[in-house]
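Here the structure comes first, spelled out in structure tokens, and everything after it is commentary.
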2 protein chains.
Amino acid sequence: MPDKPAFLKENQQFFSVNRDNAEAIVEPLELGKRVREIRLSQNLTLEEASKLTGLARSTLSKIENEQISPTFTAVNKLVKGLGIDIPQLFTQPKKKSPASGGRRDITRRGEGKPHPTPTYEHELLATQLSSKKMIPFKTTVRTHSWDEYQDWIRHDGEEFLYVLSGSIMFYTEFYEPIELVAGDSAYYDCEMGHALVSTSKKDAEVLWVTA
Amino acid sequence: MPDKPAFLKENQQFFSVNRDNAEAIVEPLELGKRVREIRLSQNLTLEEASKLTGLARSTLSKIENEQISPTFTAVNKLVKGLGIDIPQLFTQPKKKSPASGGRRDITRRGEGKPHPTPTYEHELLATQLSSKKMIPFKTTVRTHSWDEYQDWIRHDGEEFLYVLSGSIMFYTEFYEPIELVAGDSAYYDCEMGHALVSTSKKDAEVLWVTA
DNA sequence: TGGAAAAGTTTCCTAAAAGAAACTTTTTGT
DNA sequence: ACAAAAAGTTTCTTTTAGGAAACTTTTCCA
């Protein structure tokens, strides 16, 4: 699995979909249950699991009952002791009912999940679906000068870019910069350094899809 | 400079990310470093990351410097706030494969490769590149009535759809039809039957990306 | 059934994480 | 080069996790 830019990574499987602002208490949805399932599936008692993991049996109990939020160290001990692998721990053994063959996620204009950065104003699309092959997002390019970048943006994968409005200068590591206007598009390897700058008076808007 | 916390001393921890694999890939984990990389890759300061995650900036600093072992709750806030996905946290960033690397393909407005069908007028984009992960194309939806389809369109993969102009009715096999207007988007599994019909007077234009 | 042993939970304490703010270092603007 | 601001680190306090042991519930066998 290729690395994608961090902010593109999907996290829906762990959290209730909550686009309301901030505070929402972020709790691992049922990490405890998951641990208990795994332990029981191996026919282990708390005592045995305790010996295997090095965590006190009381601690295990509390984790399973979600009375505490284990430290990262504790999670590691669990993983190591019970031979869990990470995705197993964090992935809900979800309803595979619609066979994953029939998913659909609509995002209305402006209803994506905002993700601001100093240079870009991203709006993540289709955030209801996890484990997608592609990550689509709409971006307002606030930068108007190359100087605002300290360095190339660079990550794994391939990217498709379509200019929705305005115009941009498309900088890439191995090519001459090229100006793109509304309707133009580009496809490129993300390991190659890249960056966008608005050249229109108004911030340009682009649609981006990463895979 | 305080002593390293206990969890780092006792914890020359390595763990398996993939146990199915005979020689499981075992790596030392340096959560703090990873977090810092990710944060910096997004050009965020501790202060900004703090706002995004709800964790104190001092806490973030300590996590990044591996002075503390974050609780699972904290990890979740990180994940949500920075848009990380969990496995990413547990895997070392891959070394760049010397593979394809630095390709780029620009398609000017209207300069794509035409591909007409009875119902759609496709314009394939980025046709200079082969072996892409995604296939982008711009389509004019000429159909104005469902009757013009004999059957569902159905094929492998996943598709992302963005309405550039006009409006369409988006029919899918397992959902009620839904109208999409300029700026709306959809992501769906292509094995599920699907079809578009223009509902605006003028033929609607959509951008499609398949993977 | 009863009662002992095993399994699991809760309590209580200490050790460690999270947050606020003071402090230090780095960056920026003139 | 300097001062001011921003970014990052450390200190100090509060809150919470982790472990030992007491306590409660379940299991199982006479």
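The figures that follow rest on heavy atoms only: side chains count, while hydrogens, waters and symmetry mates do not. In this text, all values refer to a predicted model and were calculated from it rather than measured experimentally.
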Spacing between [X] atom [atom1] and [N] atom [atom2], to the nearest angstrom:
X	N	atom1	atom2	result
Lys51(B)	dA6(D)	NZ	P	11 Å
Ile68(A)	dA16(C)	CD1	P	15 Å
Glu47(B)	dG19(C)	CD	P	13 Å
Glu48(B)	dG8(D)	CD	C1'	13 Å
Leu40(B)	dA6(D)	CG	C1'	15 Å
Lys77(A)	dG19(D)	NZ	C1'	10 Å

*Test item: Glu64(B) side-chain N/O and Ser61(B) main-chain N/O as donor-acceptor pair under 3.5 Å*: no

*Which word best sums up how the rings of Phe160(B) and Tyr187(B) line up, parallel for under 30°, tilted for 30 to 60°, or perpendicular for over 60°?*
tilted

*Would you indicate what Gln67(A) reaches in the nucleic acid, counting non-hydrogen atoms under 4.0 angstrom: base, sugar-phosphate, or nothing?*
sugar-phosphate

*If an axis is fit to five pairs at each end of the helix from dT1(C)-dA30(D) to dT30(C)-dA1(D), what is the angle between the two, to the nearest 10°?*
40°

*Looking at residues at least two apart in the chain, or sitting in another chain, which of them share a salt bridge (Lys or Arg N to Asp or Glu O under 4.0 Å) with Arg109(A)?*
none

*Using the test salt bridge (Lys or Arg N to Asp or Glu O under 4.0 Å), find all partners of Asp184(B) that sit at least two apart in sequence or belong to another chain.*
Arg108(A)

For a quick test of reading the model: is some side-chain N or O of [X] closer than 4.0 Å to OP1 or OP2 of [N]?
X	N	result
Ser69(B)	dA16(C)	no
Arg39(A)	dG8(C)	yes
Arg36(A)	dA7(C)	no

*Rounded to the nearest 0.5 Å, what's the gap from CG on Leu196(B) to CZ on Phe170(B)? Could you check?*
6.5 Å

*What's the spacing between Leu124(B) CG and Ile135(B) CD1 if we round to 0.5 Å?*
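The distance works out to 8.0 Å.
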
*Could you point out which residue of Val141(A), Val206(A), Thr143(A) forms a side-chain contact (heavy atoms from CB on, under 4.5 Å) with Ser198(A)?*
Val141(A)

*Under the side-chain contact (heavy atoms from CB on, under 4.5 Å) rule, collect the residues that match up with Arg57(B), sequence neighbours excluded.*
Leu46(B), Glu47(B), Ser50(B)

*Enumerate the residues from residues 55-65 of chain A whose closest heavy atom to DNA chain C is under 4.0 Å, giving them by residue number; use none for an empty result.*
Arg57(A), Ser58(A), Ser61(A), Lys62(A), Asn65(A)

_Which residue lies more 5' along DNA chain D, comparing Leu46(B) with Thr71(A) via nearest heavy atoms_ = Leu46(B)

*asked:* The criterion is ring-ring contact (aromatic ring centres under 6.0 Å, His included); which residues satisfy it with Phe137(B), sequence neighbours excluded?
replied: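 For Phe137(B), the residues satisfying ring-ring contact (aromatic ring centres under 6.0 Å, His included) (neighbours in sequence not counted) are His122(B), Trp208(B).
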
